[in-house]
Visitor: 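Sharing a structure with you now.
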Amino acid sequence: LHMRSSFTRLILTLTLALAVAACTPTRTTKSAGEQLDDSVVTGRVKTALAKGLGTGDSIRADVETFRGTVQLNGFVDSAEKKEAATRIAREVEGVKQVENNLRIATERRTAGEYVDDKVISAKIKADLAADPVVAGHEVNVDVRQGIVLLAGFVDSSEQRSRAEQVAKAVGGVVRVDNQLDVKKR
């Protein structure tokens with residue numbers, strides 16, 4: 001009976017140690033608290049951008065946050081909106097740094113171009129999800145007139161390069177603008 005009790009304690013101790021280790025952040029992962037903080041910051045930035053710039057065709061911005069560093073990704077219709085987006089994001093509580101990857105796109109797309117861009121984007125996302133090197137859910141893909149914007153945070157330079165290779169291999173891609181950041185700290 002004593003041996004069984006010791007074994008049970010050992011199992012419980014190992015389970016607790018593994019649970020604590022699983023919650024400990026590494027250079028490329030976040031603790032549960034950091035994840036929550038970044039989610040709150042992302043939400044605040046999105047809300048501030050919607051209030052300050054509006055929504056719709058004039059701005060299509062994705063917001064990603066990793067340990068307080070905010071990435072603005074997507075397209076806007078003017079340099080003024082791009083600059084304003086940076087200013088607005090910097091003013092949000094919890095933002096440590098802003099990386100503005102927004103691209104200015106003033107040309108209107110035809111319905112066919114819009115559909116083509118959606119098809120290219122879907123194909124790239126599917127290929128990234130299936131790729132053994134790249135974690136597809138960590139890569140934002142935005143396409144406008146065949147120009148692909150890759151953004152977000154990845155764990156390594158290998159993943160960054162591989163994501164670009166995968167995107168370039170998709171038919172209809174004119175150019176790839178790789179704004180993926182390798183996670184730091």
Side-chain angles (χ1 to χ4, degrees), residues 26-30 34-35 38-39 41-43 45-47 49-50 53-79 81-83 85-86 89 95 97-185:
T26 65
R27 181 181 68 79
T28 61
T29 62
K30 298 185 269 190
E34 288 172 324
Q35 180 70 40
D38 284 348
S39 295
V41 169
T42 297
V45 171
K46 286 179 178 182
T47 301
L49 289 173
L53 299 176
T55 58
D57 276 349
S58 65
I59 179 164
R60 284 192 12 232
D62 295 315
V63 179
E64 291 290 325
T65 307
F66 183 76
R67 293 184 176 162
T69 297
V70 172
Q71 260 192 3
L72 304 175
N73 310 300
F75 296 92
V76 293
D77 66 359
S78 69
K81 285 189 179 170
K82 180 178 178 172
E83 291 171 20
T86 300
V95 173
Q97 180 180 342
V98 176
E99 296 177 4
N100 189 332
N101 299 324
L102 292 170
R103 297 294 177 252
I104 300 167
T106 56
E107 306 86 30
R108 285 273 200 225
R109 292 183 289 182
T110 66
E113 288 173 324
Y114 180 82
V115 170
D116 289 347
D117 288 344
K118 290 297 182 189
V119 169
I120 292 169
S121 178
K123 177 73 171 125
I124 292 170
K125 288 176 184 178
D127 289 355
L128 289 172
D131 189 87
V133 176
V134 181
H137 65 278
E138 295 181 354
V139 178
N140 287 323
V141 178
D142 206 348
V143 181
R144 186 162 182 108
Q145 295 176 319
I147 298 171
V148 178
L149 175 61
L150 298 177
F153 296 93
V154 292
D155 292 339
S156 68
S157 57
E158 178 187 17
Q159 287 177 332
R160 183 181 191 281
S161 296
R162 181 65 187 150
E164 184 172 339
Q165 291 171 352
V166 168
K168 283 181 177 177
V170 171
V173 171
V174 174
R175 184 177 83 237
V176 176
D177 184 1
N178 189 345
Q179 294 297 321
L180 289 167
D181 279 339
V182 177
K183 295 174 184 175
K184 300 171 188 92
R185 288 176 257 193

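Sequence positions, counted from 1, serve as the residue numbers for this chain.
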Visitor: Over all heavy atoms of both residues, which pair between I120 and G172 is shortest? Give the atoms and the distance, please.
Guide: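 Looks like CD1-O, 3.4 Å.
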Visitor: For a side-chain contact (heavy atoms from CB on, under 4.5 Å) with N140, tell me which candidate from L149, N101, L180, D62 qualifies.
Guide: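 Only one option passes, and that is D62.
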Visitor: Evaluate the side-chain proximity of K118 to V115: yes if any heavy-atom separation is below 4.5 Å, no if none is.
Guide: no
Visitor: Answer yes when R162 and E158 have at least one side-chain N-carboxylate O distance shorter than 4.0 Å, and no when they do not.
Guide: no
Visitor: Does R109 CZ have over 12 foreign heavy atoms under 6.0 Å away?
Guide: yes
Visitor: Identify the two heavy atoms, one from T69 and one from F153, that lie closest to each other, and give their separation to 0.1 Å.
Guide: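 So the two residues come closest at O-CZ, 3.7 Å.
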Visitor: Between D38 (side chain only) and R67 (backbone N and O only), is there a donor and an acceptor less than 3.5 Å apart?
Guide: yes
Visitor: Between V70 and T42, is any pair of side-chain heavy atoms under 4.5 Å apart?
Guide: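 Answer no - side chains too far apart.
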Visitor: Which heavy atom of V154 sits nearest to which heavy atom of V139, and what is that distance?
Guide: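 The pair with the smallest heavy-atom distance is CG1-CG2, 4.1 Å.
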Visitor: Checking the side chain of R160 only, and the main-chain atoms of N178 only, is there a donor and an acceptor separated by less than 3.5 Å?
Guide: yes
Visitor: Verify the neighbour count for atom CD of Q165: are there more than 12 heavy atoms of other residues, nucleotides or ligands below 6.0 Å?
Guide: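 Yes, the 6.0 Å shell around CD holds more than 12 heavy atoms from other groups.
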Visitor: To the nearest 0.5 Å, tell me how far L150 CG sits from K168 NZ.
Guide: 10.0 Å
Visitor: Can you check whether D117's main-chain N or O pairs, donor with acceptor, with S121's side chain at less than 3.5 Å?
Guide: no
Visitor: Which heavy atom in L128 sits nearest to a heavy atom in A163, and how many Å separate them?
Guide: CD2-CA, 3.7 Å
Visitor: Closest approach of V182 and S157, non-hydrogen atoms and distance?
Guide: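 Of all heavy-atom pairs spanning V182 and S157, the closest is CG2-N, 3.7 Å.
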Visitor: Are V174 and Q145 close enough that some pair of their side-chain heavy atoms sits under 4.5 Å apart?
Guide: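 Answer no - side chains too far apart.
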Visitor: So, the side chain of Q71 versus the backbone of Q179: is there a donor-acceptor pair under 3.5 Å, distance only?
Guide: yes
Visitor: May I ask you to decide if G68's main-chain N or O and T65's side chain share a donor-acceptor pair within less than 3.5 Å?
Guide: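 Between the backbone of G68 and the side chain of T65 there is no qualifying donor-acceptor contact (under 3.5 Å).
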Visitor: Going from CG on L53 to NZ on K81, what distance comes out if it is rounded to the nearest 0.5 angstrom?
Guide: 7.0 Å
Visitor: Kindly say whether K82 contributes a backbone atom to a donor-acceptor pair with the side chain of N100 at under 3.5 angstrom?
Guide: yes
Visitor: So if I apply the side-chain hydrogen bond (donor to acceptor under 3.5 Å, both in side chains) rule between R103 and each of D142, N73, D177, which one comes out positive?
Guide: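 Between R103 and the candidates, side-chain hydrogen bond (donor to acceptor under 3.5 Å, both in side chains) is satisfied uniquely by D177.
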Visitor: Quick check: does any side chain N or O of E164 sit under 3.5 Å from a backbone N or O of S161, one acting as donor and the other as acceptor?
Guide: no
Visitor: Are I124 and V173 packed together at the side-chain level, in the sense that at least one heavy-atom pair is separated by less than 4.5 angstrom?
Guide: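 A side-chain contact under 4.5 Å exists here.
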Visitor: Does a sphere of radius 6.0 Å around NZ in K123 hold more than 12 heavy atoms from other residues, nucleotides or ligands, not counting ones at 6.0 Å or beyond?
Guide: no
Visitor: When rounded to the nearest 0.5 angstrom, what is the spacing between CD in E107 and CG in D77?
Guide: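 Reported value, rounded in 0.5 Å steps: 11.0 Å.
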